Amino acid sequence: MKVLVTGGLGFIGSHTVVELQNEGYQVVIIDNLSNSSLDVLKGIVAISGKTPIFEKLDLKDKVQVQTFFKQHQDIQGVIHFAASKAVGESVEKPLLYYENNINTLVYVLQELEKLNVSNFIFSSSCTVYAQADVMPITEGAPIKMAESPYGNTKQIGEEIIQDTCKVNAKIKAISLRYFNPIGAHESAIIGELPIGVPQNLIPYIMQTAAGIREELSVFGDDYPTIDGTCIRDYIHVVDVAKAHVIALQRLLKNKNTSNFEVFNLGTGTGSSVLEVIQAFEKVTNQKLNYKIVNRRSGDVVSAYADTTKANEVLGWKAQYNLEDAILSSWQWQKSLNAV
Ligand code: UFG
């Protein structure tokens with residue numbers, strides 16, 4: 001069965017391609033290589049022993065998207081990761097984000113309308129909840145005003161899909177709202193590849209420990225939390241990847257209860273920034289250089305998932321904990337250093 005993975009050479013996309021191939025799916029990857037590299041394709045082949053079809057294609061090019069789908073009419077499912085994802089950059093370049101994340105989604109959905117089978121998995125984010133009032137966050141929590149153009153593209157993206165599903169019963173979709181995906185494949189052959197100075201906590205910790213960065217800045221220790229630092233739900237990328245396969249199978253087997261469903265993907269456990277640092281120091285047995293600095297603007301105080309719906313309805317549960325994920329990130333970082 002042929003499955004299209006857009007952005008399949010990115011961080012979560014590449015891990016999902018591995019899991020799909022492990023389950024026997026024939027994978028077609030589209031990626032424009034704007035934030036990824038062909039080495040990732042080699043890594044996928046090395047891990048799974050299977051070579052996915054790869055097309056370097058920019059989804060912003062509507063004609064190319066049309067041509068691609070004409071050539072691949074036997075696609076049974078689409079997992080759509082391709083998007084820009086840097087919150088800060090989205091504030092600086094909102095139109096770039098609306099073009100990259102919204103236009104492309106529309107073009108893909110327009111082609112799905114023409115197919116006989118349209119099973120669509122959307123890469124969404126807990127950012128759609130902004131600062132939720134109640135923890136843990138359920139899928140029923142209100143969608144609040146987005147705090148960045150990036151967050152807005154995920155909210156609008158979900159609305160576009162929902163509106164499309166309403167008028168076209170043939171299109172079935174699941175939106176997966178990730179909390180904070182971290183970690184790497186156990187082989188340490190694929191993992192996260194931040195470009196330039198990392199903006200996210202785990203890559204910054206890894207590069208600091210590897211001596212690439214001098215010290216980690218912890219953004220604020222005066223939040224109303226157990227130790228004053230922000231709380232997040234860090235989830236292993238392999239768990240996130242497996243959830244995509246399960247979600248796709250749910251649609252393929254017609255187990256969905258409506259043609260647009262949403263699920264949170266998290267562990268259900270919130271960890272503070274200082275707890276993440278402690279976990280890193282424990283599993284690697286080394287001290288991390290860090291200092292407390294001012295808050296980063298736009299950070300929510302706390303965000304962790306209620307995973308009941310994902311566990312009971314989707315039938316998925318995170319298998320790895322924070323320490324497992326951090327250790328896998330460290331092994332990945334060490335393999336990068338060795339190159
Ligand atoms: N942090 C630091 N120092 C750093 C980087 C991060 O202290 O150098 C802190 C942040 O202040 C935050 C926590 O670590 O408290 C996690 O920050 P990340 O940047 O790793 O993750 P965010 O929760 O800010 O962002 C993630 C995704 C976004 C998504 C957002 C939704 O990266 O794509 O969750 O809440 F929009």
Side-chain angles (χ1 to χ4, degrees), residues 7 10-13 35 81 83-91 97 100-101 123-132 135-137 141 143-158 176-183 192-209 212-237 240 264-267 269-280 288-305 322 325-326 329:
F11 175 41
I12 306 173
N35 193 14
F81 293 105
S84 297
K85 62 171 185 178
V87 176
E89 185 188 43
S90 79
V91 176
Y97 272 65
N100 284 356
N101 295 6
S123 173
S124 188
S125 165
C126 67
T127 194
V128 300
Y129 302 116
Q131 178 60 71
M135 290 298 138
I137 304 173
I143 303 296
K144 293 192 180 172
M145 178 138 167
E147 287 173 335
S148 69
Y150 162 75
N152 208 18
T153 66
K154 292 300 171 189
Q155 294 186 356
I156 297 169
E158 287 195 357
L176 298 175
R177 295 175 177 164
Y178 322 146
F179 281 67
N180 288 53
I182 63 165
E192 194 167 3
L193 280 168
I195 290 179
V197 181
Q199 305 300 308
N200 297 115
L201 180 63
I202 299 298
Y204 208 104
I205 288 178
M206 296 305 146
Q207 292 197 4
T208 304
I212 302 167
R213 312 279 156 209
E214 206 170 312
E215 67 183 344
L216 169 77
S217 294
V218 173
F219 297 135
D221 68 347
D222 57 351
Y223 286 99
T225 62
I226 39 158
D227 57 21
T229 63
C230 293
I231 308 278
R232 297 287 183 277
D233 186 341
Y234 298 92
I235 168 112
H236 199 303
V237 65
V240 173
N264 284 341
L265 297 185
T267 63
T269 302
S271 305
S272 73
V273 177
L274 292 180
E275 283 173 337
V276 170
I277 294 171
Q278 281 156 15
F280 172 82
L288 186 81
N289 274 340
Y290 71 88
K291 64 174 179 214
I292 310 290
V293 301
N294 288 339
R295 293 180 176 194
R296 177 171 76 177
S297 82
D299 270 338
V300 298
V301 182
S302 182
Y304 55 97
L322 178 66
I326 289 178
S329 288

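None of the values given here were measured: they were computed from a predicted structure. Whatever order the structure lists them in is the order used to number ligands and atoms, beginning at 1.
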Chemist: Identify, by atom number and element, the atoms of ligand 1 in contact range of Cys126, meaning under 4.0 Å from any of its heavy atoms.
Modeler: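 Those of ligand 1 that fall under 4.0 Å from Cys126 are 31 (C), 35 (O).
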Chemist: Can you name the atoms of ligand 1, numbered from 1 with element, that are less than 4.0 Å from a heavy atom of Ser217?
Modeler: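 Numbered from 1, ligand 1 contributes 2 (C), 3 (N), 4 (C), 7 (O), 8 (O).
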Chemist: Which residue supplies the protein heavy atom nearest to atom 9 (C) of ligand 1, what is that atom called, and how far is it?
Modeler: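 It is Val273 CG2, 3.8 Å.
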Chemist: Find all atoms of ligand 1 within a distance of less than 4.0 Å from any non-hydrogen atom belonging to Val218, and give their numbers and elements.
Modeler: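 Result: 7 (O).
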Chemist: In the protein, what heavy atom is nearest to atom 32 (O) of ligand 1, and what distance, to one decimal place, separates them?
Modeler: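 The protein heavy atom lying closest is Asn200 ND2, 3.0 Å.
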Chemist: Answer side chain, backbone, both or neither: which part of Tyr150 comes under 4.0 Å from ligand 1, heavy atoms only.
Modeler: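 The side chain, only.
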Chemist: Quick test of your reading of the structure: of Phe219, Tyr290, Tyr234, whose heavy atom lies closest to atom 13 (C) of ligand 1?
Modeler: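 Residue with the shortest heavy-atom distance to the ligand atom: Tyr234.
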Chemist: Considering only heavy atoms of Cys230, which atoms of ligand 1 have at least one such atom less than 4.0 Å away?
Modeler: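 Close to Cys230: 15 (O).
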Chemist: As an exercise, state the distance from CD of Glu147 to OG of Ser90, rounded to the nearest 0.5 Å.
Modeler: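 It comes to 11.0 Å.
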Chemist: Can you give the donor-acceptor pairs under 3.5 Å from side chains of residues 212-219 to other protein atoms, not counting sequence neighbours?
Modeler:
| from | atom 1 | to | atom 2 | distance (Å) |
| --- | --- | --- | --- | --- |
| Arg213 | NE | Gln207 | OE1 | 2.9 |
| Arg213 | NH2 | Gln207 | OE1 | 3.1 |
| Glu215 | OE2 | Lys291 | NZ | 3.3 |

Chemist: Quick one: list whatever passes side-chain hydrogen bond (donor to acceptor under 3.5 Å, both in side chains) with Asn35, sequence neighbours left out.
Modeler: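 Scan of Asn35 (side-chain hydrogen bond (donor to acceptor under 3.5 Å, both in side chains), adjacent residues dropped) gives none.
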Chemist: Please round to the nearest 0.5 Å and tell me the distance separating atom CG of Leu288 and atom CD1 of Ile277.
Modeler: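 The distance works out to 6.0 Å.
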Chemist: Tell me: protein heavy atom nearest atom 28 (C) of ligand 1, and distance?
Modeler: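 Looking only at protein heavy atoms, the one closest to atom 28 (C) of ligand 1 is Val87 CG2, 4.0 Å.
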Chemist: Is Thr127 close to ligand 1, meaning an N/O of one under 3.5 Å from an N/O of the other?
Modeler: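 No, no N or O pair falls under 3.5 Å.
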Chemist: Note the single closest protein heavy atom to atom 22 (P) of ligand 1, along with its residue, its atom name and the distance in Å.
Modeler: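 Of every protein heavy atom, Asn180 ND2, 3.6 Å lies nearest to atom 22 (P) of ligand 1.
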Chemist: For atom 11 (O) of ligand 1, which protein heavy atom lies nearest, and how many Å away is it?
Modeler: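 In this structure, atom 11 (O) of ligand 1 has Asp299 OD2, 2.5 Å as its nearest protein heavy atom.
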Chemist: For ligand 1, which atoms sit closer than 4.0 Å to a heavy atom of Gln199?
Modeler: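 Counting from 1, the qualifying ligand atoms are 5 (C), 19 (O).
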Chemist: Out of Ile292, Val276, Leu216, Leu201, indicate the one that has the non-hydrogen atom closest to atom 8 (O) of ligand 1.
Modeler: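 Considering heavy atoms of Ile292, Val276, Leu216, Leu201, the nearest to atom 8 (O) of ligand 1 sits in Leu216.
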Chemist: Which word best sums up how the rings of Tyr178 and Phe81 line up, parallel for under 30°, tilted for 30 to 60°, or perpendicular for over 60°?
Modeler: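 Tilted: the ring planes of Tyr178 and Phe81 meet at 30° to 60°.
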